[in-house]
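What follows is a single structure, written as structure tokens, with notes after it.
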Amino acid sequence: QVQLVESGGGLVQAGGSLTLSCAASGNTATIIYMAWYRQAPGKERLMVATLSNDADSSVRYDDSVKGRFVISRGDTYNTVNLQMNMLQPDDTAVYYCKARSRNQAYWGRGTQVTVSS
């Protein structure tokens with residue numbers, strides 16, 4: 001089992017920045033990649049960014065956040081951050097951390113990000 005805890009959400013004005021952090025614990029050796037998703041009210045949960053756990057540490061972004069968001073490892077190997085810049089009201093959502101092993105997906109409880117216009 002893997003446990004995920006997100007932090008760093010909050011309220012910010014349009015054009016501002018926030019950094020989210022996700023700390024993984026438990027059987028972290030099984031993790032293939034970690035990712036951030038978001039879910040706006042009344043909408044489906046969508047991928048924002050992914051970071052693989054292989055030697056390449058390859059990243060992938062949704063087109064809506066390219067050039068504004070950066071996913072990276074935190075101070076410890078099992079922490080993943082999401083630096084969000086130039087935030088817009090459309091970025092308002094609950095942001096979820098996800099970890100994927102070969103056989104299972106794990107989710108955090110989410111952290112609210114609200115961007116005011």
Side-chain angles (χ1 to χ4, degrees):
Q1 292 290 321
V2 172
Q3 295 79 42
L4 302 171
V5 178
E6 303 101 335
S7 61
L11 173 64
V12 64
Q13 288 187 333
S17 299
L18 277 177
T19 298
L20 306 182
S21 183
C22 174
S25 61
N27 196 9
T28 58
T30 64
I31 296 174
I32 297 172
Y33 70 83
M34 294 183 71
W36 285 96
Y37 279 66
R38 66 186 180 185
Q39 187 167 20
K43 296 187 177 180
E44 62 181 321
R45 191 175 298 185
L46 299 173
M47 186 275 290
V48 175
T50 66
L51 173 65
S52 69
N53 270 16
D54 57 21
D56 293 334
S57 294
S58 56
V59 299
R60 188 162 61 98
Y61 297 96
D62 180 73
D63 286 345
S64 66
V65 305
K66 280 182 181 177
R68 300 189 298 126
F69 291 12
V70 178
I71 187 170
S72 64
R73 293 207 192 283
D75 293 338
T76 64
Y77 186 81
N78 293 322
T79 300
V80 175
N81 295 332
L82 185 68
Q83 173 70 39
M84 305 185 293
N85 303 311
M86 295 181 287
L87 283 161
Q88 299 302 317
D90 284 349
D91 296 315
T92 295
V94 178
Y95 284 70
Y96 295 91
C97 181
K98 175 186 177 182
R100 186 80 171 104
S101 67
R102 183 186 297 272
N103 299 315
Q104 194 165 350
Y106 303 91
W107 293 92
R109 293 187 175 185
T111 184
Q112 176 70 45
V113 172
T114 302
V115 184
S116 63
S117 58

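Residue numbers run from 1 in the order of the sequence given. Owing to the predicted nature of the structure, the values given are computational and were not obtained by experimental measurement. These numbers come from the heavy atoms of this one structure, side chains and all, not from hydrogens, waters or symmetry mates.
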Could you tell me whether a side-chain N or O of Gln88 sits under 3.5 Å from a main-chain N or O of Val115, the two making a donor and an acceptor?
no
Determine whether the side chains of Asp54 and Ser52 contain a donor N or O and an acceptor N or O closer than 3.5 Å.
yes
Donor-acceptor contact below 3.5 Å, side chain Thr79 vs main chain Gly74
no
Sub-3.5 Å donor-acceptor pair from the side chain of Asn81 to the main-chain atoms of Gln83, do we have one?
no
Quick one: CZ on Phe69 to CG on Leu82, what's the gap to the nearest 0.5 Å?
6.0 Å
Check this for me: Arg60, atom CZ, are more than 12 non-hydrogen atoms of other residues, nucleotides or ligands nearer than 6.0 Å?
no
Between Asp91 and Arg68, does the side-chain contact (heavy atoms from CB on, under 4.5 Å) criterion hold? Intermediate values first, please.
CA-CA 11 Å; Asp91 296 315; Arg68 300 189 298 126; 2.8 Å; yes
Taking Glu6 for its side chain and Gly110 for its backbone only, find out whether a donor-acceptor pair lies under 3.5 Å.
yes
Can you confirm whether or not the ring centre of Trp107 sits under 6.0 Å from the ring centre of Tyr37?
yes
Less than 4.5 Å apart, side chain to side chain, heavy atoms only: is that true for Thr50 and Tyr61?
no
Expected output: side-chain Asp56 to main-chain Ser58 donor-acceptor under 3.5 Å:
no
Any residue meeting side-chain contact (heavy atoms from CB on, under 4.5 Å) with Leu11, in chain and number order, not counting sequence neighbours:
Thr114, Ser116
Would you say the side-chain atoms of Arg38 and Ser64 include a donor-acceptor pair closer than 3.5 Å?
yes
When you compare the side chain of Gln1 with that of Tyr106, does any pair of heavy atoms fall below 4.5 Å?
yes
If we only count heavy atoms from C-beta on, is the Ser101 to Ile31 side-chain gap below 4.5 Å?
no
Any sub-3.5 Å donor-acceptor pair from Thr30's side-chain atoms to Asn27's backbone N or O?
yes
Give the C-alpha distance, both sets of side-chain angles, the deciding distance and a yes or no for side-chain contact (heavy atoms from CB on, under 4.5 Å) between Tyr96 and Leu20.
CA-CA 10 Å; Tyr96 295 91; Leu20 306 182; over 6 Å; no
Check whether the side chains of Arg100 and Asn53 place a donor and an acceptor atom closer than 3.5 Å, and report yes or no.
no
